Amino acid sequence: MTTTAPRPVGAPPAAPVARWRPVELLPPLVLVLLAAVLLAPGHGLWFDELFTAEVGRRPLAEILRAIVTGEGTTSYLADVPPSYNAPWYVVVHAWVSLPGLGGDTSLRVLSVLATAGGLALVTRAGTRLAGRPTGVLAGLVVATAPLLLEQAVEARSYGLAVLATGGALLGLVRWLQEPPRGLLLFGLAGAGMGLAHWYAVTVLAAFVVAALLLRGRAAVRVVAVGAAAVVPTLGLVALNLLNGTGARNAEHLRDTGGTFPGLAAEAWAGGRTPLLYLTVGLAVVGAVRGAGLRVVGACWLLVPLLLLLAGELVRPVYHPRYLLAGLVGLGVLAAAGATALPRGARAPVAAALVGLSLLAGSPLAVREPRERSDDVVAAIARLQRPGEPVVAADQRSALGLDHYVRTLAPRLRPDVVLPPDDAPADADRVWLVRRLVDGEPVPTDDDAILAGAGLSLADERSFPATRTDLVLQLWTR
């Protein structure tokens with residue numbers, strides 16, 4: 001006579017496994033439709049996205065050399081190497097190498113498709129763990145979250161992080177229900193999480209903790225695979241430390257004094273208090289009563305926050321988008337809470353959760369551009385006479401000018417002057433593109449050079465935006 005060890009309390013059932021149904025594609029479809037609305041205005045790329053475009057178009061050997069050595073890919077980006085999120089630039093290079101791709105929109109579409117793929121995997125995993133209503137609702141809640149929508153339509157690596165997170169989650173769920181199946185997917189996607197964004201490693205740790213809580217000593221293989229999956233990320237971190245770029249972005253991070261969990265939840269809800277309270281309240285219900293998902297969801301949310309709270313004792317760690325992979329767990333747990341309510345309350349609460357998310361994200365549809373380098377170049381193309389120098393005064397101005405001259409106005413190329421070169425002193429008319437900080441132009445050597453050559457400011461056109469304010473100046477004798 002044989003006996004079967006009882007499952008730990010809260011452990012998901014080994015069977016039956018919900019069969020896949022087309023309705024599970026609803027969340028990624030909703031995301032794609034919402035992303036199409038957000039991309040419709042056709043705003044130009046901003047600095048981070050422009051950096052992606054600049055690096056991704058380079059030969060692969062040049063990208064890899066810059067990653068390893070910690071050197072920039074152009075003269076004006078000599079101190080900004082592509083070592084952070086290095087795998088992202090390799091993926092982008094492969095993407096833009098495909099026929100018909102390489103434009104600004106295609107870079108953003110890559111991020112959208114990766115995010116949609118991640119949502120499909122999260123929905124499938126949620127369906128297997130807690131049933132189709134919970135799985136589909138979890139996908140819809142995440143698909144309509146303002147923070148995720150904002151990042152999904154930008155040409156950066158957060159879409160890949162969501163894709164890898166969904167893959168690791170599905171691998172974990174398959175292992176929980178049909179061991180040893182799922183371990184390979186868990187390991188490969190887990191490695192991709194940290195390579196897409198370092199902070200996503202904390203979510204991988206959360207999945208390992210969930211496996212231990214649900215399966216105890218039987219989870220030793222998950223622990224081993226998780227540990228192996230972290231190695232590539234540790235190697236990337238070590239590379240950045242060795243090439244001197246390890247703390248380059250530290251100045252952009254906030255020291256919140258331990259308050260960033262609340263700030264992160266607020267960012268996830270788009271700053272809308274009703275949605276914030278509803279999401280957090282339902283997440284608590286999900287952690288207590290969410291069938292199948294409560295252990296995985298609670299670990300998914302709490303473990304990253306605890307790890308990063310410990311990290312904040314050493315240095316600032318907070319930026320809302322950095323916590324995106326962990327905050328997806330907040331949306332999943334809230335969905336589990338909604339479906340754990342009494343039967344009569346489930347549908348209206350679920351509708352309220354998704355509806356408030358859509359309402360909170362609606363300002364994104366009319367958002368202003370983050371940077372208007374494309375408009376600056378369009379203005380120069382109308383106003384500049386051939387032979388008149390067009391000078392970029394700083395890194396941000398140079399990157400936007402370089403990119404959009406190449407894509408929108410190639411006739412300007414012979415007259416473009418990029419850092420470290422200064423404005424020529426022998427011209428009678430010079431166009432100067434520069435960044436504004438607190439309403440004032442960033443100081444540059446070009447001012448003294450032009451003034452010393454007898455030129456003075458004759459005209460100025462401002463191009464304000466939500467992230468980078470630019471100004472186009474005309475200097476004449």
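In this text, all values refer to a predicted model and were calculated from it rather than measured experimentally.
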Next item on the list: Heavy atoms only: give me the nearest Ala152-Leu31 pair and the separation to one decimal.
Entry: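 What the structure gives for the nearest pair is CB-CD1, 4.4 Å.
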Check: Looking only at heavy atoms, what is the nearest atom pair of Leu45 and Ala53, with distance?
Finding: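 For Leu45 versus Ala53, the nearest heavy atoms are CD1-CB, 4.1 Å.
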Non-hydrogen side-chain atoms of [X] and [Y] separated by less than 4.5 Å:
X      : Y      : result
Leu148 : Leu324 : yes
Val430 : Val390 : no
Leu39  : Arg108 : yes
Leu432 : Val471 : no

Check this for me, if you would: do [X] and [Y] make a salt bridge, where the nitrogen-to-carboxylate-oxygen distance has to be below 4.0 angstrom?
X      : Y      : answer
Arg434 : Asp447 : yes
Glu49  : Arg370 : no
Glu312 : Arg315 : no
Glu150 : Arg367 : no
Arg467 : Glu371 : no
Asp394 : Arg435 : no

Check: What orientation do Tyr89 and Phe51 show, parallel under 30°, tilted 30 to 60°, or perpendicular over 60°?
Finding: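 Geometry flag for Phe51 against Tyr89: perpendicular rings.
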Next item on the list: For the pair His319 and Tyr322, name the ring-plane relationship: parallel under 30°, tilted 30 to 60°, perpendicular over 60°.
Entry: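 Answer is tilted, since the angle falls between 30° and 60°.
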Next item on the list: Identify whether NZ of Lys or CZ of Arg in Arg372 sits under 6.0 Å from the centre of the six-membered ring of Phe463 and within 45° of that ring's axis.
Entry: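 No.
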Taking the side chain from [X] and the backbone from [Y], do they hold a donor-acceptor pair closer than 3.5 Å?
X      : Y      : result
Arg413 : Asp402 : yes
Glu266 : Gly271 : no
Ser75  : Pro419 : yes

Check: Residues in side-chain hydrogen bond (donor to acceptor under 3.5 Å, both in side chains) with Gln384, at least two apart?
Finding: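 Applying side-chain hydrogen bond (donor to acceptor under 3.5 Å, both in side chains) to Gln384 gives Arg411, Asp415.
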